[in-house]
Amino acid sequence: MKNLVFDTSSVITLVTNNLLDLLMPLKSKFKGDFFIPKSVEYELVDKPLQGKMFKLEALIVRNVIKNNLLKTYSDNVDSLLNQINSMFIMNDRPIILVSKAEVEALALAINLQSSAYVVDERTMRLLIEDPIKLKKLQERKLHNKIRINKDVLNEFSKYVKNVKVIRSTELMLIAYEFGLMDKYLVSNTTNEDLLDALLWGLKLRGCAISQEEVDSFIELEK
Amino acid sequence: MEVAKEKLENNDIQGFEDTLSKYIKNLNKVHIKLQQSIQDVFEQAKISKASRIHEHGISLGRTAELLGITRFDLMNYIGKTYIADAKEAFTIDPEKRLKFARSLFK
């Protein structure tokens, strides 16, 4: 059965925008399963439940997991984590780039041969799609030369070559196109207003999408 | 705080950090409202620091882990910054990515 794997970031964008309930109709249209790894569940539920600020969001996500809308899965990813975190080197020391939860989600997407890996987080997306751009970004920001361990990079590139990345943005645009948000088109609200509100909501609550991309999506949907 | 300032002026970083740690631990002795306000300031400072680390290319998960905050805190903050607008963040044409996403639902 086909499936999508979600990283913590994409679920956070959805729940903080009050859009998580759209996953159910989207899943029916997708005709497949939605997965998260166990460590993502920890970041989405267990950790925020320890505080007050995002406790409600944690309870909402917990309910979605309980109802099997997001299925959880566990895997051992220590070697992949070490591999990624030894790829970029500055001053002869590796840069610890990513966390276990992020790597678990990526590994799960590969192991399950997912149709796509849903990730709003910029670093992980760059690592998969264009690690050289990530190197350039770090060099510009850190004012320092970054060296890439080419053997590790080649191995990693082979490992992720079939991974396709989408963000919560694309998922919500699909929901918009299916008319799943038409209930918000009340009074004088136009489709363009709704789209603008949707895309800015996603961006302002953490999805790594640029203003230029927001503008281009609005143009594309006209 | 005066002691911490003195340590910092004398370039005694370890002494500065120790003094600050003691100060934070002793917060429970002050009035509950003041205690809350001071903790909020520290929490906001952590989130702001975390966003700068993420801006330099470290992932959200790793940054949150480093600073002991949740990813919710961090994403809520970074969304209001220009981090996602960095020129290097652009990888695939938005139309192409959207077309691919559409194809998953056919």
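Heavy-atom basis, side chains included; hydrogens, waters and symmetry copies ignored. If you're wondering where the values come from, they're calculated on a predicted model, not measured in any experiment. Reminder, nothing fancy here: chain letters follow the sequence lines and each chain counts from 1.
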Undergrad: For A:Thr123 and B:Gly57, indicate whether the former's side chain and the latter's backbone hold a donor-acceptor pair under 3.5 Å.
TA: yes
Undergrad: Using non-hydrogen atoms only, which part of B:Leu74 is less than 4.5 Å away from chain A: side chain, backbone, both, or neither?
TA: neither
Undergrad: Just by modelled atom types, is the B:Arg62 backbone N or O under 3.5 Å from a matching donor or acceptor in the A:Lys100 side chain?
TA: no
Undergrad: Given heavy-atom pairs under 4.5 angstrom as the criterion, report whether the side chain, backbone, both or neither of A:Ile132 touches chain B.
TA: neither
Undergrad: Which region of B:Leu60, side chain (C-beta onward) or backbone (N, CA, C, O), has a non-hydrogen atom less than 4.5 Å from a non-hydrogen atom of chain A, or is it both or neither?
TA: both
Undergrad: For a 4.5 angstrom cut-off between non-hydrogen side-chain atoms, does B:His56 reach A:Leu137?
TA: no
Undergrad: Set out, in order, the CA-CA distance, both residues' side-chain angles and the distance that settles salt bridge (charged side-chain N to carboxylate O under 4.0 Å, His left out) for B:Asp85 and A:Lys203, then state yes or no.
TA: CA-CA 10 Å; B:Asp85 293 274; A:Lys203 177 174 169 59; 2.9 Å; yes
Undergrad: Is the shortest distance from a Lys or Arg side-chain nitrogen in A:Glu213 or B:Lys96 to a carboxylate oxygen in the other one below 4.0 Å?
TA: no
Undergrad: Which region of B:Phe105, side chain (C-beta onward) or backbone (N, CA, C, O), has a non-hydrogen atom less than 4.5 Å from a non-hydrogen atom of chain A, or is it both or neither?
TA: both
Undergrad: With distance as the sole test, does A:Arg125 use its side chain to make a donor-acceptor pair with the main-chain N or O of B:Ala89 at under 3.5 Å?
TA: yes
Undergrad: Does a donor on one side chain sit under 3.5 Å from an acceptor on the other, for A:Ser99 and B:Glu65?
TA: no
Undergrad: Within this structure, what is the CD1-SG distance for the pair B:Ile78 and A:Cys207, rounded to the nearest 0.5 Å?
TA: 9.5 Å
Undergrad: Give, as side chain, backbone, both or neither, the part of A:Leu4 having an atom under 4.5 angstrom from any heavy atom of chain B.
TA: side chain
Undergrad: Do B:Leu104 and A:Ser115 touch side chain to side chain, with heavy atoms closer than 4.5 Å?
TA: yes
Undergrad: Which answer fits B:Glu95, side chain, backbone, both or neither, if we ask what part of it has an atom under 4.5 Å from a heavy atom of chain A?
TA: both
Undergrad: Considering only heavy atoms from C-beta outward, does the side chain of A:Leu204 approach that of B:Met75 to under 4.5 Å?
TA: no
Undergrad: Less than 4.5 Å apart, any side-chain heavy atom of A:Met53 and any of B:Asp73?
TA: yes
Undergrad: Is there a side-chain contact between A:Asp7 and B:Arg71 (heavy atoms, below 4.5 Å)?
TA: yes
Undergrad: Quick one: does any side-chain atom of B:Thr70 pair with a main-chain N or O of A:Pro48 as donor and acceptor, under 3.5 Å?
TA: no
Undergrad: My understanding is that only one of A:Arg140, A:Lys141, A:Lys133 makes a salt bridge (Lys or Arg N to Asp or Glu O under 4.0 Å) with B:Glu88; could you say which?
TA: A:Arg140
Undergrad: Walk me through it: do A:Leu97 and B:Ile58 pass the test side chain to side chain contact (heavy atoms under 4.5 Å, CB included)?
TA: CA-CA 5 Å; A:Leu97 279 177; B:Ile58 306 300; 4.1 Å; yes
Undergrad: Examine distances only and state if a side-chain atom of A:Glu129 and a backbone atom of B:Thr91 form a donor-acceptor pair shorter than 3.5 Å.
TA: no
Undergrad: Report yes or no: does A:Arg122 contribute a side-chain atom to a donor-acceptor pair with the main-chain N or O of B:Ala86 at less than 3.5 Å?
TA: no
Undergrad: Nearest 0.5 angstrom please: B:Ser59 OG to A:Glu121 CD, how far?
TA: 5.0 Å
Undergrad: Does any backbone or side-chain atom of B:Ile53 lie under 4.5 Å from a heavy atom of chain A? Answer side chain, backbone, both or neither.
TA: neither
Undergrad: Is a donor on one side and an acceptor on the other found under 3.5 Å between the side chain of B:Arg97 and the backbone of A:Val165?
TA: yes
